[in-house]
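Heads up, the thing below is written out as structure tokens.
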Amino acid sequence: MATESTSGNQPDGAAQYSSDAIQVLKGLEAVRKRPSMYIGSTSARGLHHLVYEVVDNSIDEALAGYCTQIDLTIHANDSVTVIDDGRGIPVDIHKTEKKPGLEIAMTMLHAGGKFDKSTYKVSGGLHGVGVSVVNALSATLNVWVWRDGKEHHMAFERGDTTEALEVRGDTDRTGTKITFLPDPKIFTDTQYDYETLANRLRELAYLNAGIALNITDERVGKQRHESFLFQKGLPEFVTFLRGSSKPLHPKPISIVTVKDDVEVDIAMQYGDAFSENIFSFVNNINTHEGGTHLTGFKSALTRAINEVVKVRGSLKRESFSLSGDDVREGLTAVIHVKVREPQFEGQTKTKLGNSEVESIVKTVVYEHLSNYLHENPAVAKAVIEKATGAARAREAARKARELVRKKSALDSGVLPGKLADCSVSDPTITELYLVEGDSAGGSAKQGRDRGYQAILPLRGKILNVQKSRIDKILSNTEILAILTAIGTGVAGDDFRLDDARYHKIIIMTDADVDGAHIRTLLLTFFYSQMRPLIESGYVYIAQPPLYRIAKGKEEYYAYHDNERDEYVKRLSNGAGKGKVSIQRYKGLGEMNPEQLWKTTMDPATRTILRVEIEEAFNASQLFEKLMGDDVEPRRAFIEENARYVKNLDI
């Protein structure tokens, strides 16, 4: 029965909207109400962000020259303790707030010493939300401060003070100790990943030479400890990042200077690899999207090497000059600048926007690198030969690139013959499935929605691009088919993200060893040659089921062993005659088109994993370890992780 509204066309409740309906969230209520606004998410990423916030405070003390050691401990209950030997958070009474400085720092947003540049010239922390947010999102938090010869203590629960500031005794040490337990009411996952935290501490130790960072895991069955201390800083970082690539000159080139209040710290070294490996940081923040400091570095590098080439007459007989891509082939570099007032932009706020930093870095790098190469002719020769080889390969690949362009669907309408394209042309809707084998490709073509789902079967394993130059990559038939179908071109100046014909590129391989290998080769290709697709969230991995469990007309699909056992138990205890049948899928081709659609391709029921690059240098290291030339790191990785292997086909 319909009821007539007495308020004209206004929706229900509109007449009651007044100032009384406006909620004022006091203190840390806003943080608990909308935690993702402050730490990004309430998943594992946000959980680890809590630790980063506390550690960043200690790092800021180190940058100011007052801290030499930071200790991080994961306790058995997944609480975390961070201890530093800095000055200790102030405990005296604040002049205007009439509260101890420690209480203000722990309970008030936008309160801290980082806003006063006389206290901290530069400071890290991407969002700058501070330890008060950690306090708000912790079930319990205890803080000890060693300062002015006394040990001070405060305790909190979910941001509220439970034990006021008190002096607990005398001490001759200085520093701060914070122990917190993430609130399970906020976080979907409260278990810390040791490797994630260890990698971040290692990175900070490289970026801050001479600062000791230690991590200890006390959890049952996971006990381990590591210490990170690097006296040389970035040169050691470059050696670590270079991995198994053989260096073309003995020591990394190091540039450390200050210009116009901007501290510039750069290390770089060339190796025999074919890809570039450049990472940039601002105030210890990993600027994944680059920015003005990276632009300045690349520009100066190209100019300096080309001028040395001109002076030496190295390319007199060649018909080409060295491009930016040429001079960066095989280069591993880390750029770290410290800026007093950094301005971040970009989709994830990890792109430096300060225009003045570009000219500073450009001037510094050009001057130092030019002088270094003139003073070290052997290094200059090795670098020029590497870049010249890259230029020749580029020329050899030019025709292959032109072929890719000519075959691009956007340029000529010619698509790979085995591509079953979709009828819709809107890339925000369309999906491209890269399917292992013609058999599974046939099932996928029959089971798909032809309106928006395209299928490209791949025959065998594609080329390992980690070991190959661009001219060889572009001559590979399967890779050429992928490039032509997607339509963006390859990495470098030729890549055009806006030309992508699909905004979902889904890797669909068998759930066996060969399928995992093909998936790894494809991910290596996308990471190396089409990384913007991953960074834009276009690359996905399909999750086909491992089992079909059926009894009579009732059937279920299980994606792991525990789920299989639950369905078997349910059907065994249920009504009806007959035995429970379990089918283990070893290949996509074992499913008929209807099953493949229902389990793996139907957006209403499927599960697909989006590929993300959370830690770029860790991803780079992993690809080099798994797909590079050096066998020993790969063997060590297999030995270390063999116990986690499931579904091994022998």
Side-chain angles (χ1 to χ4, degrees), residues 403-463 474 476-490 496-497 499-512 514-515 518-519 521-523 525-526 529-530 533 538-545 585-611:
L403 182 62
V404 172
R405 290 196 192 97
K406 289 177 182 178
K407 287 189 176 182
S408 168
L410 292 178
D411 290 340
S412 65
V414 179
L415 289 167
K418 56 185 178 179
L419 172 70
D421 204 10
C422 50
S423 58
V424 175
S425 59
D426 183 355
T428 62
I429 299 174
T430 56
E431 303 175 348
L432 173 65
Y433 278 83
L434 302 177
V435 185
E436 174 190 354
D438 291 332
S439 175
S443 295
K445 288 177 182 179
Q446 294 178 53
R448 67 180 173 135
D449 185 322
R450 286 176 168 79
Y452 63 92
Q453 291 180 325
I455 308 296
L456 180 61
L458 300 176
R459 183 175 298 174
K461 297 172 182 177
I462 71 166
L463 182 72
L474 292 179
N476 181 268
T477 304
E478 300 301 313
I479 288 178
L480 196 60
I482 295 172
L483 290 170
T484 306
I486 295 174
T488 59
V490 290
R496 303 181 298 274
L497 183 64
D499 288 349
R501 300 183 63 245
Y502 314 92
H503 284 192
K504 276 193 175 70
I505 299 160
I506 304 170
I507 300 171
M508 189 161 70
T509 60
D510 294 341
D512 59 10
D514 283 339
I518 292 170
R519 187 166 60 247
L521 287 168
L522 285 168
L523 287 174
F525 166 67
F526 282 120
Q529 297 300 323
M530 306 181 84
L533 290 178
Y538 290 2
V539 181
Y540 295 79
I541 298 174
Q543 297 293 288
Y585 292 122
K586 289 190 176 181
L588 296 167
E590 294 182 18
M591 283 186 272
N592 62 43
E594 183 182 349
Q595 291 172 332
L596 192 59
W597 164 258
K598 182 179 179 180
T599 62
T600 315
M601 301 181 72
D602 183 359
T605 56
R606 73 187 179 188
T607 298
I608 56 176
L609 304 179
R610 184 167 63 192
V611 179

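In what follows, residues are counted from 1 in the order of the sequence shown.
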Give me the atom names and distance for the closest heavy-atom approach of [X] to [Y].
X: A454; Y: C422; value: CB-N, 4.0 Å
X: L419; Y: A485; value: CD2-CB, 4.1 Å
X: A500; Y: P427; value: O-CB, 3.4 Å
X: D438; Y: P457; value: OD1-CB, 3.8 Å

As an exercise, state the distance from [atom1] of [X] to [atom2] of [Y], rounded to the nearest 0.5 Å.
X: D514; Y: K461; atom1: CG; atom2: NZ; answer: 4.0 Å
X: R606; Y: M601; atom1: CZ; atom2: CE; answer: 8.0 Å
X: L463; Y: L480; atom1: CG; atom2: CG; answer: 12.5 Å
X: Y433; Y: L456; atom1: OH; atom2: CG; answer: 14.0 Å
X: S425; Y: Y502; atom1: OG; atom2: OH; answer: 11.0 Å
X: I455; Y: L458; atom1: CD1; atom2: CG; answer: 11.0 Å

### Query
Pick one: which of I486, I482, I506 meets side-chain contact (heavy atoms from CB on, under 4.5 Å) with L432?
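That would be I486; it is the only one of I486, I482, I506 passing the side-chain contact (heavy atoms from CB on, under 4.5 Å) with L432.
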### Among L533, D426, T428, T430, side-chain contact (heavy atoms from CB on, under 4.5 Å) partner for H503
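Checked L533, D426, T428, T430 against H503; only one passes side-chain contact (heavy atoms from CB on, under 4.5 Å): T428.
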Can any side-chain N or O of [X] pair as donor or acceptor with the backbone N or O of [Y] at less than 3.5 Å?
X: R448; Y: A420; answer: yes
X: Q453; Y: D449; answer: yes
X: E478; Y: R459; answer: yes
X: T605; Y: K598; answer: yes

### Task
In sequence, state the C-alpha distance, the side-chain angles, and the governing distance for F526 and I507, and then conclude on side chain to side chain contact (heavy atoms under 4.5 Å, CB included).
CA-CA 11 Å; F526 282 120; I507 300 171; 4.2 Å; yes
Would you call [X] and [Y] a side-chain contact if the rule is heavy atoms closer than 4.5 Å?
X: T600; Y: P545; result: yes
X: S443; Y: Q595; result: no
X: F525; Y: L483; result: yes
X: R501; Y: D421; result: yes

### Message
Set out, in order, the CA-CA distance, both residues' side-chain angles and the distance that settles side chain to side chain contact (heavy atoms under 4.5 Å, CB included) for M530 and V539, then state yes or no.
### Response
CA-CA 10 Å; M530 306 181 84; V539 181; over 6 Å; no
